[in-house]
Amino acid sequence: MIVPQVCSWLENTRMAAAIRSSTWLFPTIESIHVLAVTLVVGSILMFDLRLLGIASRDRSVTDLHKEILPWTWAAFACAVVAGSLLFSSDATKYYENGPFRFKMLTLFLIGLNTAIFELGAFRGVSRWNTDKKTPLPARLAGGISIVLWILVVGFGRWIGFTKQ
Amino acid sequence: MLPNFCNWLSNTPISLKIQTVLWIIPAVQTVHILCIAIVISTMAMLDLRLAGLTGRSQSVSTAVSRWVPWVWGTLPVMLLTGCILIIGEPTRELMNPYFRAKMAMLAIVVAITLFVHLRNKDAAYWEARASTAKLAGCVSLLLWVGIIAAGRWIAYY
C-alpha cells in the first residue's frame, strides 16, 4: 500500500511540522475550513431546495445555478485547501480514523451524485427550467445531496471526538 | 457568582446526561453547525446584495424579504442547540473569552439584521440609503465570519 507512505511523508514535511508546533495555525486553518464548509453547505442547500421545489420556486433553475453554484465551488476549493493542510499535520492518524474515511467516502458519493445530475437531468433543464415541480431525477439529486452534506458535517465533527 | 453557577449547572442531572452519553455533544454540534451554515449563507446573499456586489437583478427590498425569514427561522434552533452545549459544558463555554466575544458579536449582528428588516417595511427605504446598506452588509458579514472563528476557538482556550 502506498497511502500510509504518502501519509508519513506528508506529516514529515516542514509545513506539517509548522502547523503541528504552532499554537494558533491549526485553529486558524480550522476556522477557515469550518467557514468554507458552512458556505458550501448553505449555498448548495439553496440550490437543492429549488430542485425539490421547496424554496425559490419563482426563480428559474438555471438562474440559481448561475447565481449560487460559483460561490459553492469557490468555497469548496477553500475547504479542500484548508482541509488538506489540517490533514497534513497528522496524516496517518486522520487516514486511520473511521469517521474521516466515511467523510471522504461521502464526498465521493456527492461527486458522483453531482456528476449524474449535471450530465443527466440538468442537460434537459430547458424543458423544466421554470417548473415549480421538477422531474424526479432532479428531485432525487437534490434530496440525496442534502442528506449527504449533512453526513459530511456530522462525520467531520465526529472526527474530533474519535481521532487518537 | 458565575463560576458557582457553572459548577451547579454541571452537576444537574441533565448536564451529567449530556456529559456521559458520548454521541450527544457531536450530534448537537452537527445540528448547530448546519444551522450556522443556513444562516451564514443566507446572510451572505443578503449582505452582498446590501453591499451592491451580487444579485442586482433583485431589489434590496426583495432580497431582504427573501433572505431574512430564513435567519429568524433558523436562529431559535441555533440558540437551542447552543444552550444544550452550554448545559453540557458550562465552564468551558461561559468562562471562555472566545465564547463571550462570540455572544457579543451575535448580539450586534442580530440588532443590525433586525434594524435592516424593520426598516424594510418601506420598500424604498434601503434603495434611498445605499451607503448605509453597504455598511450594514459589510459589518454584518464580517461579524458572522468572526462568530464562526470565535466558535471554533472556544475549543482552544
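Only a predicted model underlies this, so the values are computations on that prediction, with no experimental measurement involved.
- The neighbour count for A:Phe108 CZ, taken as heavy atoms of other residues, nucleotides or ligands under 6.0 Å away, does not exceed 12.
- The closest side-chain heavy-atom distance from A:Phe155 to A:Arg101 is not below 4.5 Å.
- Annotation: A:Phe102, atom CZ; neighbour count of heavy atoms from other residues, nucleotides and ligands within 6.0 Å does not exceed 12.
- Applying the side-chain contact (heavy atoms from CB on, under 4.5 Å) test to A:Ile54 and every residue at least two apart in sequence or in another chain returns A:Leu49, A:Leu52.
- Contact check for B:Ile112 versus B:Leu143: side-chain heavy atoms found under the 4.5 Å cut-off.
- For B:Ile14, the CD1 atom sits in a loose shell: 12 or fewer heavy atoms of surrounding residues, nucleotides or ligands are nearer than 6.0 Å.
- Interface remark: A:Ile150 contributes backbone and side-chain atoms alike to the contact with chain B (heavy atom separation under 4.5 Å).
- Residues B:Leu75 and B:Val110 form a side-chain contact, since some pair of their non-hydrogen atoms from C-beta on lies under 4.5 Å apart.
- The hydrophobic cluster around B:Val77 extends to B:Val31, counting ILVMFWY residues whose side-chain heavy atoms fall within less than 4.5 Å of a member.
- Chain A forms more heavy-atom pairs under 4.5 Å with one residue of B:Ile36, B:Ile148, B:Val39 than with any other, namely B:Ile148.
- The shortest non-hydrogen separation linking A:Ile29 to A:Ala82 is CG2-O, 3.4 Å.
- Across all their heavy atoms, B:Pro76 and B:Gly73 have their closest contact at CD-O, 3.5 Å.
- With a 4.5 angstrom heavy-atom cutoff, A:Ala75 does not touch chain B via any of its atoms.
- For the pair A:Leu148 and A:Ile44, the minimum side-chain heavy-atom distance is 4.5 Å or more.
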Please tabulate, one pair per line, the donor and acceptor atoms of chain B and chain A that lie under 3.5 Å from each other, or say none if there are none.
| from | atom 1 | to | atom 2 | distance (Å) |
| --- | --- | --- | --- | --- |
| A:Glu30 | OE1 | B:Arg152 | NH1 | 3.2 |
| A:Glu30 | OE1 | B:Tyr156 | OH | 2.4 |
| A:Glu30 | OE2 | B:Arg152 | NH1 | 2.8 |
| A:Thr38 | O | B:Ser41 | OG | 3.3 |
| A:Ser43 | N | B:Ser41 | OG | 3.4 |
| A:Ser56 | OG | B:Arg66 | NH2 | 3.3 |
| A:Arg157 | NH1 | B:Gln29 | OE1 | 2.6 |

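- Annotation: side chain of B:Pro3 is in contact with side chain of B:Met95 (closest heavy-atom distance under 4.5 Å).
- Contact residues of residues 117-139 of chain A toward chain B are absent (heavy-atom distance under 4.5 Å).
- In this structure, chain B has a heavy atom under 4.5 Å from the side chain of A:Leu45, while its backbone stays farther away.
- Contact of B:Ile154 with chain A is not made at all, since no heavy-atom distance falls under 4.5 Å.
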